Amino acid sequence: MGRYLTGILVFLLFSSAIAGQTHEQVSFSNDNYSSKWDLNIHGSPARTRLKSNKFGNEEKITYGYNGGLDLAYYFIAGEKLKFGLSAGVNYSFYKALRILNYNDSIKTVDADNDQFTLYQKGDNIRETQNASFIDIPVLLRLEYVPFPHFGVYLHAGGYYSSALNAKYNISMTYTAKGYYPKYNVLLHDIDVPNSPYFFPTNKPMSGQGSLQVKSSYGITVAFGLKYKLTPNIALTAGVSSYMGMTNLSAYSKSNWFLVNSNRSINTLMSRGDKITENAYCVDFGLSITLWKRIKPTDKPIIAKESISVPEAPKDIVKLTIPRIAEIKDTIKKENAIIRILVSGKLVDLKTSNPLHAKVVFKENNTVKGMASSPATTGRFNLILTQGMYDYEISSPGYIPIVDKLDLTETNQPVKLPDLMLTPITPGPIFQFNNVSFQNGTNVITEQSYATLDLVGKLLTENPSMQLEVGCHTDNTGNETANLTLSQQRANTIVRYLTNKGATAVQLKATGYGSSMPITDNYTEYGRSQNRRVEFKVLKIINLQEK
């Protein structure tokens with residue numbers, strides 16, 4: 001048992017070390033939408049033993065059952081790696097069968113207080129021992145999900161086992177002889193009902209009774225596979241082992257009599273036998289993720305990190321913003337056209353300092369409003385009518401922002417959250433929701449041209465900037481085909497941008513296929529988010545490289 005305990009301790013320390021490193025190094029993010037709680041339900045047919053130290057060689061294979069539930073909390077709850085702790089309650093049923101022949105001799109006294117030697121023999125003894133327990137396991141849990149639907153788990157820990165009920169059934173052919181040295185007499189073949197002298201020959205006997213067992217504790221290890229049916233429900237299958245560490249037998253001393261004076265048969269457990277639990281299980285279960293938040297289907301107002309904006313056409317006149325009171329009066333007077341005040345603040349992502357920047361709002365690729373923010377406050381105001389707008393924000397030396405604003409169903413002033421622009425330095429990744437391809441091809445859709453033109457302008461205005469064009473797919477279809485398609489799409493975008501004035505040294509095309517999802521692939525919304533084009537600032541290149 002010592003080597004089992006040593007192995008478990010080594011495993012727990014190793015798992016803790018891995019978890020600590022993973023928390024810092026592995027990109028399995030613990031985002032706000034991943035639940036840290038799982039409810040696990042399992043049922044396990046088992047090969048069980050009430051392992052005997054005295055009659056272990058006579059034990060036969062028997063089968064029992066283990067089943068229950070536990071609640072797990074994960075300290076690390078990422079997309080691919082989970083590490084945590086669980087506690088629960090199990091019901092376990094153990095069965096043991098021993099088949100043997102037994103004989104011994106005992107010096108004792110009879111009913112008349114005469115000393116004699118009892119020679120007793122049991123042929124073909126068959127004893128079945130059944131015991132049930134309530135177990136309380138506490139486990140360390142490590143789960144790794146390398147594929148969208150499949151994962152592996154490894155659990156280890158200890159359990160406390162409280163005895164519920166224990167019984168035995170026994171049968172044998174009994175022979176007894178009594179030798180009285182005082183009289184030099186050997187008594188045998190005596191089977192008289194109610195006689196205190198009971199020395200039968202080859203007498204068939206059977207009996208049953210309650211076993212005296214006590215609560216104990218042990219260690220358990222489990223390993224298996226996990227298959228996700230939905231984002232919140234998974235099937236599990238594996239193997240586990242339960243190893244008791246204390247003696248279950250509550251018999252205080254050895255009882256060397258096979259048969260009592262009332263002719264009832266004693267259990268083999270009472271004959272100096274030490275008993276421990278032992279079970280090897282095949283586990284089947286259900287894992288339910290609790291309180292998992294679903295990512296909203298509404299897109300945020302501000303893009304993750306976005307793109308450039310062109311200079312406003314010269315024939316567009318910058319709006320002069322009237323006082324708020326005048327705006328309200330205008331809205332009341334012009335019932336046919338609802339005008340909406342849109343305001344916001346532009347700041348540096350790293351320093352939060354206000355920025356001087358330009359803001360352009362377009363509807364159907366037509367400029368409808370334009371404003372700029374002073375460097376002292378970073379604030380802007382402009383008036384728009386109801387509609388669906390694309391807006392573009394730019395400032396020299398920063399990666400611009402492009403996103404949408406829905407004003408179709410509002411007539412109240414709209415204040416945007418702080419709009420944060422990222423300085424052009426190596427590292428930032430930005431993407432565009434409106435860059436797309438025709439289904440299953442590398443043909444760019446027309447709605448993507450305007451945005452890609454802005455990327456081209458960004459590159460020509462910043463000739464020292466080198467971008468990686470990274471294309472991603474969802475996990476629908478063949479993985480190799482997805483990888484090939486994503487590389488073809490990245491190559492197509494690079495060709496488009498070079499035709500717009502960018503140089504080859506400024507661009508790198510990379511197809512990632514479905515290997516880097518940003519959310520799950522179980523819903524259409526999730527798959528649409530994973531189908532994306534990302535631009536990453538690789539470095540600020542030396543112009544001599546061109």
Side-chain angles (χ1 to χ4, degrees), residues 1-22 38-51 56 59 61-76 81-96 131-146 150-162 215-227 234-248 275-287:
M1 185 60 67
R3 67 177 182 270
Y4 290 123
L5 182 58
T6 301
I8 295 302
L9 291 176
V10 170
F11 161 75
L12 297 181
L13 291 173
F14 179 70
S15 299
S16 299
I18 290 178
Q21 292 295 319
T22 302
D38 276 1
L39 178 66
N40 302 288
I41 305 168
H42 75 95
S44 310
R47 187 254 196 230
T48 62
R49 299 172 67 191
L50 294 173
K51 187 178 179 182
E59 290 186 64
I61 294 178
T62 53
Y63 297 94
Y65 175 82
N66 180 290
L69 56 86
D70 62 70
L71 185 63
Y73 175 79
Y74 295 97
F75 309 109
I76 298 176
L81 187 73
K82 285 187 174 183
F83 180 79
L85 188 69
S86 71
V89 59
N90 291 341
Y91 172 81
S92 56
F93 175 76
Y94 287 79
K95 187 174 182 179
S132 57
F133 303 87
I134 289 292
D135 302 328
I136 302 176
V138 178
L139 305 175
L140 278 175
R141 309 176 74 92
L142 182 66
E143 298 184 9
Y144 179 58
V145 185
F150 282 98
V152 295
Y153 66 81
L154 184 61
H155 307 158
Y159 66 93
Y160 176 77
S161 188
S162 178
S215 300
S216 65
Y217 58 89
I219 56 178
T220 178
V221 179
F223 172 79
L225 300 176
K226 198 169 184 178
Y227 176 75
L235 298 178
T236 59
V239 293
S240 62
S241 175
Y242 291 80
M243 294 164 281
M245 298 176 65
T246 60
N247 180 19
L248 284 172
I275 302 294
T276 54
E277 298 169 310
N278 226 220
Y280 303 94
C281 309
V282 179
D283 297 325
F284 300 97
L286 191 67
S287 180

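Note that the structure is a prediction, hence the values are computed from the model and not measured.
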**Student:** Looking at CG of Asn90 and CG of Leu69, how far apart are the two atoms once the value is rounded to the nearest 0.5 Å?
**Tutor:**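 Rounded to the nearest 0.5 Å, the CG-CG separation comes to 8.0 Å.
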**Student:** List the residues meeting ring-ring contact (aromatic ring centres under 6.0 Å, His included) with Tyr91, not counting sequence neighbours, and say none if there are none.
**Tutor:** none
**Student:** Go through Leu85 and Tyr73 one step at a time and tell me if the side-chain contact (heavy atoms from CB on, under 4.5 Å) criterion holds.
**Tutor:** CA-CA 5 Å; Leu85 188 69; Tyr73 175 79; 5.7 Å; no
**Student:** Please round to the nearest 0.5 Å and tell me the distance separating atom OG of Ser287 and atom OH of Tyr227.
**Tutor:** 15.0 Å
**Student:** Do Thr62 side-chain atoms and Thr48 backbone N/O form a donor-acceptor pair below 3.5 Å?
**Tutor:** yes
**Student:** Pairs of donor and acceptor atoms involving the side chains of residues 236-246, under 3.5 Å and at least two apart or interchain, shall be tabulated with distances.
**Tutor:**
from   : atom 1 : to     : atom 2 : distance (Å)
Thr236 : OG1    : Gly285 : N      : 3.4
Thr236 : OG1    : Gly285 : O      : 3.4
Ser240 : OG     : Asp283 : OD1    : 3.2
Ser240 : OG     : Asp283 : OD2    : 2.9

**Student:** Check the orientation of Phe133 and Tyr94. Use parallel for under 30°, tilted for 30 to 60°, and perpendicular for over 60°.
**Tutor:** perpendicular
**Student:** With Leu235, which residues qualify under side-chain contact (heavy atoms from CB on, under 4.5 Å), at least two apart?
**Tutor:**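 Partners of Leu235 under the side-chain contact (heavy atoms from CB on, under 4.5 Å) test: Leu229, Leu286.
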**Student:** With Tyr65, which residues qualify under ring-ring contact (aromatic ring centres under 6.0 Å, His included), at least two apart?
**Tutor:** none
**Student:** For a quick test of reading the model, state the closest non-hydrogen atom pair linking Leu50 to Glu59 and the distance between them.
**Tutor:** O-OE1, 3.7 Å
**Student:** Could you tell me whether Phe93 atom CZ has more than 12 heavy atoms of other residues or ligands within 6.0 Å of it?
**Tutor:**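 Count over threshold, so yes.
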**Student:** What pairs of residues pass the salt bridge (charged side-chain N to carboxylate O under 4.0 Å, His left out) test when at least one of them lies in residues 133-142, not counting sequence neighbours?
**Tutor:** Asp70-Arg141
**Student:** Would you say the side-chain atoms of Asn247 pair up with the backbone N or O of Ile275, donor to acceptor, closer than 3.5 Å?
**Tutor:** yes
**Student:** Can any side-chain N or O of Ser216 pair as donor or acceptor with the backbone N or O of Leu248 at less than 3.5 Å?
**Tutor:**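 Absent.
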**Student:** Using side-chain heavy atoms (C-beta onward) and a distance below 4.5 Å, is Leu140 in contact with Leu154?
**Tutor:**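 In short, these two side chains do not touch, never coming nearer than 4.5 Å.
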**Student:** Work out which heavy atom in Asn66 is nearest to a heavy atom in His42; give both atom names and the distance.
**Tutor:**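 The answer is OD1-CE1, 3.0 Å.
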**Student:** Please report the closest heavy-atom contact between Gly56 and Arg49, naming both atoms and the distance.
**Tutor:** O-NH2, 4.3 Å
**Student:** Excluding sequence neighbours, so at least two apart, what forms salt bridge (charged side-chain N to carboxylate O under 4.0 Å, His left out) with Glu143?
**Tutor:**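 Per chain and number, Glu143 pairs via salt bridge (charged side-chain N to carboxylate O under 4.0 Å, His left out) with Lys226.
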**Student:** Closest heavy-atom contact between Tyr159 and Pro137?
**Tutor:** CB-CA, 3.7 Å
**Student:** My understanding is that only residues two or more places apart in sequence, or in another chain, count here; which of them pass ring-ring contact (aromatic ring centres under 6.0 Å, His included) with Tyr63?
**Tutor:**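 Result, ring-ring contact (aromatic ring centres under 6.0 Å, His included) vs Tyr63: none returned.
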**Student:** With sequence neighbours excluded, what pairs up with Lys51 under the salt bridge (charged side-chain N to carboxylate O under 4.0 Å, His left out) test?
**Tutor:** none
**Student:** Out of curiosity, Ser162 OG to Ile136 CD1, how far, rounded to the nearest 0.5 Å?
**Tutor:**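 Ser162 atom OG to Ile136 atom CD1 measures 7.5 Å (nearest 0.5 Å).
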**Student:** Measuring from Phe223:CZ to His155:NE2, what's the distance to the nearest 0.5 Å?
**Tutor:** 10.5 Å
